[in-house]
Participant: 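Sharing a structure with you now.
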Amino acid sequence: MLFNYRYSGNSQVYSNATSAGISFAPDTHRDPTFFVGKLHKKIAFREAISALHDVVVSDLRFKPKDKTAYKEWAAQQESVWLAEYMNGYDRAAADKKIESISDELKRVNEEKDKVMGPFYKARKQYFDFLYQKDRDAWFVLDPVITVHPDEMFFECFSQDESTYGKLSASYNVFKEVNEFECGTTNIDYSAALYNEFQKIRDYKETDFKVDPGGFQVQTSQEELYHEVKIDLPDSWVRGFLQVSSAMTLPAATFDLHPMDVYNFCLWLRRFKEKTGPRSIRFKLEPGKPVRAVFEPWNHEIVCARSIYKGGQSREIRIWGRRRLLILERLIPIAKKFTVHLTGNGLPSFYVADLGDMQFTLGLSGWTANDWSRAGQFDLMAPRAIVDDSAKLKVFADLRTRWMAKPETIATATGLDKATVLGALGIYTQAGKVIFDLHTGMYRLRELSREPLPLESLRFANPLEAEASQLVQEKRVTLTEQDIPGVGLQLKGNVKGAQRVYHPVIVIDKDERLSEAHCDCNFYNTNKLYKGPCEHMLALRMTHAENISAE
């Protein structure tokens, strides 16, 4: 998927003895979006934006060792080893000849290293470049900046696409706001900016702006612009669209004291696991401190300052825990960390309360499973069939407000809440809306200036395509039953190619899939860790069609 960006100049950070300034160059292809102000909470902002940078550069995929140098050394030693092995015929003569040949070989190798040194260095740099995939090109994609009437927020993805970061800064972070224009834009961002961020100090007057001047440069001055074309993988786009849907899933929520997060990070820094399981088991009992068991050592950390206030006891395991070290830099400035656990092996979210800023860290089920493949969370979100007029009403109302809760939109438009949630879910999947986990509001955020190619993104995986085909071929029959206090239970028969399957799903009052099971191989192997199977999806699609037909 090809994205075109056009920047007026480059993003810059300057610093001298008395002042500093941050100026981001926005994408001039998009509608004017800018912000000009002065930082008030400089140190907190520096640490938060640096933590966001840690998300951008994070890549915990397996990296094989570079054995190039060893192989070159072994090739050079092969003749020496062979000569040493054959020296038994005449030890004295062989030793003398070996010494002579070794001296000659040493001189040859020294000459070879002198001649080939630049080549080896260039070759290593080339392979490093291939492995890193041109890191600055990834920075061009991250972060995406959105300016709203009440706050500004940055979003980004890690290089391995398993970690999502969002930094929200209210206008209280700034002591002076001169001008702003709401909207979403990409910014010119490079690796060198991170080092410049570290020069921000509390005693320096610091300007901050998403440069409005880029939209005022005359079109005749083309030399002031530079354009970037990025062939963005579908997985990156789809992963961005999945995050907001995952945020709406039912979750066990509790607060952690910063010192408890410090104890987690300290243990992870001190010990490196060599065998599995590499998970954290959170033990949650109402009215008691949160307990976290680190496997495989079975070391339990009792969070004495953090009391679980939920209504029932739960035990939830999460994987990919080393990604939590991204929060390390936020511990000194955080008031608390709010944790949202959606289930065993499912995504988890950590919201750092930084006063007038909130930092949201979203982790997929485990490191090797990126957001694009982590599960079809948009399919577990509200999925009603909404007619075009209702969708336009919802989007038009949200556009006037920029952010709102579903109940507010329902009251303003006269639509029922289920229809509003369905419309918001559709716009979330289209990249036009994002769910704010901290406030519980839906916010307008258009990921791309051009409409995303939803036909290519329509089915996140073959399961949804198969479910759609099952529905179209009328292979699904279902029965419905209301369960008081739980939701709507759907039971059905789905005729597959070889046999009939019997999926059962429960949809809660917010139109979310809360429970489900099936007798197919996909469910027996993965449960719901990778999202619902095609039979569950077909059951829900049929139910949605029946409602729309009524």
Participant: Applying side-chain contact (heavy atoms from CB on, under 4.5 Å), run through M152 and F208 and close with a yes or a no.
Facilitator: CA-CA 12 Å; M152 174 192 307; F208 179 94; 3.6 Å; yes

Participant: To the nearest 0.5 Å, what is the distance between NZ on K417 and CG on L424?
Facilitator: 11.0 Å

Participant: Within a strict 4.5 Å, meaning less than it, do heavy atoms of the I280 and L324 side chains meet?
Facilitator: yes

Participant: What is the distance from atom CE of M536 to atom NE2 of H517, rounded to the nearest 0.5 Å?
Facilitator: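 Taking CE in M536 and NE2 in H517, the distance rounds to 8.0 Å.
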
Participant: Has T184 got a side-chain atom pairing as donor or acceptor with R445's backbone, closer than 3.5 angstrom?
Facilitator: no

Participant: With a 4.5 Å cut-off on side-chain heavy atoms, are Y350 and L363 touching?
Facilitator: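 With C-beta onward as the side chain, the pair touches.
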
Participant: If I compare all heavy atoms of A404 with all of L398, which pair ends up nearest, and what's the gap?
Facilitator: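 Shortest heavy-atom contact: N-CD1, 3.9 Å.
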
Participant: If we only count heavy atoms from C-beta on, is the R317 to P277 side-chain gap below 4.5 Å?
Facilitator: yes

Participant: Can you say whether the rings of F35 and F180 are parallel (under 30°), tilted (30 to 60°) or perpendicular (over 60°)?
Facilitator: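 Taking F180 first and then F35, their aromatic rings sit tilted (interplane angle of 30° to 60°).
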
Participant: Identify whether the distance between the nearest side-chain nitrogen and carboxylate oxygen of D436 and R443 falls below 4.0 Å.
Facilitator: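 Salt bridge: yes.
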
Participant: Quick check: closest heavy atoms across S348 and L341, and the distance to 0.1 Å?
Facilitator: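 Shortest heavy-atom separation between S348 and L341 comes out as CB-CD2, 3.7 Å.
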
Participant: Salt bridge between D54 and R329, side-chain N to carboxylate O under 4.0 Å?
Facilitator: no

Participant: Give the minimum heavy-atom separation between F349 and G362, together with the two atoms involved.
Facilitator: CD2-CA, 3.5 Å

Participant: Measure across A48 and L330 and return the closest heavy-atom pair with its distance rounded to 0.1 Å.
Facilitator: CA-CD2, 3.8 Å

Participant: Any sub-3.5 Å donor-acceptor pair from H40's side-chain atoms to Y171's backbone N or O?
Facilitator: no

Participant: Is there side-chain contact between V494 and P503, with heavy atoms separated by less than 4.5 Å?
Facilitator: yes

Participant: How many angstroms lie between CD1 in I505 and CG in L537, if you round to the nearest 0.5 Å?
Facilitator: 8.5 Å

Participant: Hey, what do you get for NZ (K405) to OG1 (T439), rounding to the nearest 0.5 Å?
Facilitator: 7.0 Å

Participant: Quick one: does T542's side chain get under 4.5 Å of L539's, heavy atoms only?
Facilitator: no

Participant: Set out, in order, the CA-CA distance, both residues' side-chain angles and the distance that settles side-chain contact (heavy atoms from CB on, under 4.5 Å) for L39 and F174, then state yes or no.
Facilitator: CA-CA 4 Å; L39 277 177; F174 308 90; 3.6 Å; yes

Participant: Between F359 and L354, is a side-chain contact (heavy atoms from CB on, under 4.5 Å) present by the stated rule, with each step listed?
Facilitator: CA-CA 7 Å; F359 186 95; L354 310 179; 4.3 Å; yes

Participant: Given 3.5 Å as the limit, does a donor-acceptor pair link the side chain of D353 with the main chain of G355, or not?
Facilitator: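 Side chain of D353 to backbone of G355: a pair is present.
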
Participant: Do I301 and D260 make a side-chain contact, defined as non-hydrogen atoms from C-beta onward lying under 4.5 Å apart?
Facilitator: no

Participant: According to side-chain contact (heavy atoms from CB on, under 4.5 Å), who are the partners of N524, at least two apart in sequence or on a separate chain?
Facilitator: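 Counting only residues at least two positions away or on another chain, N524 forms no side-chain contact (heavy atoms from CB on, under 4.5 Å).
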
Participant: May I ask you to decide if H502's main-chain N or O and D519's side chain share a donor-acceptor pair within less than 3.5 Å?
Facilitator: yes

Participant: Should F153 and E155 count as side-chain neighbours, where that means a heavy-atom distance under 4.5 Å?
Facilitator: yes

Participant: Under a 3.5 Å distance rule, please check whether R322 uses its side chain to pair with a backbone N or O of L268 as donor and acceptor.
Facilitator: yes

Participant: Does atom CD of Q312 have more than 12 heavy-atom neighbours from other groups under 6.0 Å away?
Facilitator: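 For Q312, atom CD is not crowded (no more than 12 foreign heavy atoms under 6.0 Å).
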
Participant: Report yes if the side chains of L488 and H543 come closer than 4.5 Å at any heavy-atom pair, otherwise no.
Facilitator: yes

Participant: How many angstroms lie between atom SG of C533 and atom CG of L463, to the nearest 0.5 angstrom?
Facilitator: 7.5 Å

Participant: Would you say the ring centers of Y427 and Y442 fall short of 6.0 Å from each other?
Facilitator: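 Centroid distance Y427-Y442: not below 6.0 Å, so no.
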
Participant: Let's go through F264 and F294 carefully: what are the C-alpha distance in whole Å and the side-chain angles of both, what is the deciding distance for ring pair (Phe, Tyr, Trp, His ring centres under 6.0 Å) to 0.1 Å, and is it a yes or a no?
Facilitator: CA-CA 9 Å; F264 290 177; F294 285 73; 5.5 Å; yes

Participant: CD1/I326 to OG/S158 distance, rounded to the nearest 0.5 angstrom?
Facilitator: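 Rounded to the nearest 0.5 Å, the CD1-OG separation comes to 7.0 Å.
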
Participant: Do other residues, nucleotides or ligands put more than 12 heavy atoms under 6.0 Å from the OH atom of Y262?
Facilitator: no

Participant: Is it true that, when you exclude K527 itself, more than 12 heavy atoms of the residues, nucleotides or ligands shown sit nearer than 6.0 Å to its NZ?
Facilitator: yes

Participant: What is the ring orientation for W267 with F271, classed by angle as parallel under 30°, tilted 30 to 60°, or perpendicular over 60°?
Facilitator: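 Judged by the thresholds at 30° and 60°, the geometry between W267 and F271 is tilted.
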
Participant: Over 60° means perpendicular and under 30° means parallel, so tell me whether F254 and F282 are parallel, tilted or perpendicular.
Facilitator: tilted

Participant: Does this structure show an ion pair linking E295 with R321, if we count only N-O contacts that are shorter than 4.0 Å?
Facilitator: no

Participant: Quick one: do E300 and K283 satisfy side-chain contact (heavy atoms from CB on, under 4.5 Å)? Show the steps, please.
Facilitator: CA-CA 10 Å; E300 183 176 88; K283 295 183 177 181; 4.1 Å; yes

Participant: Using a 3.5 Å distance criterion without hydrogens, assess whether the side chain of R305 forms a donor-acceptor pair with backbone atoms of H257.
Facilitator: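 Pair absent, no side-chain N/O of R305 close to backbone of H257.
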
Participant: Just by modelled atom types, is the S364 backbone N or O under 3.5 Å from a matching donor or acceptor in the S162 side chain?
Facilitator: no

Participant: Might you point out which heavy atoms bring W319 and R278 nearest each other, and give the distance in Å?
Facilitator: CD1-O, 3.5 Å

Participant: Can you see which heavy atom on C156 is nearest to which on V55, and at what distance?
Facilitator: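 It is SG-CG1, 3.6 Å.
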
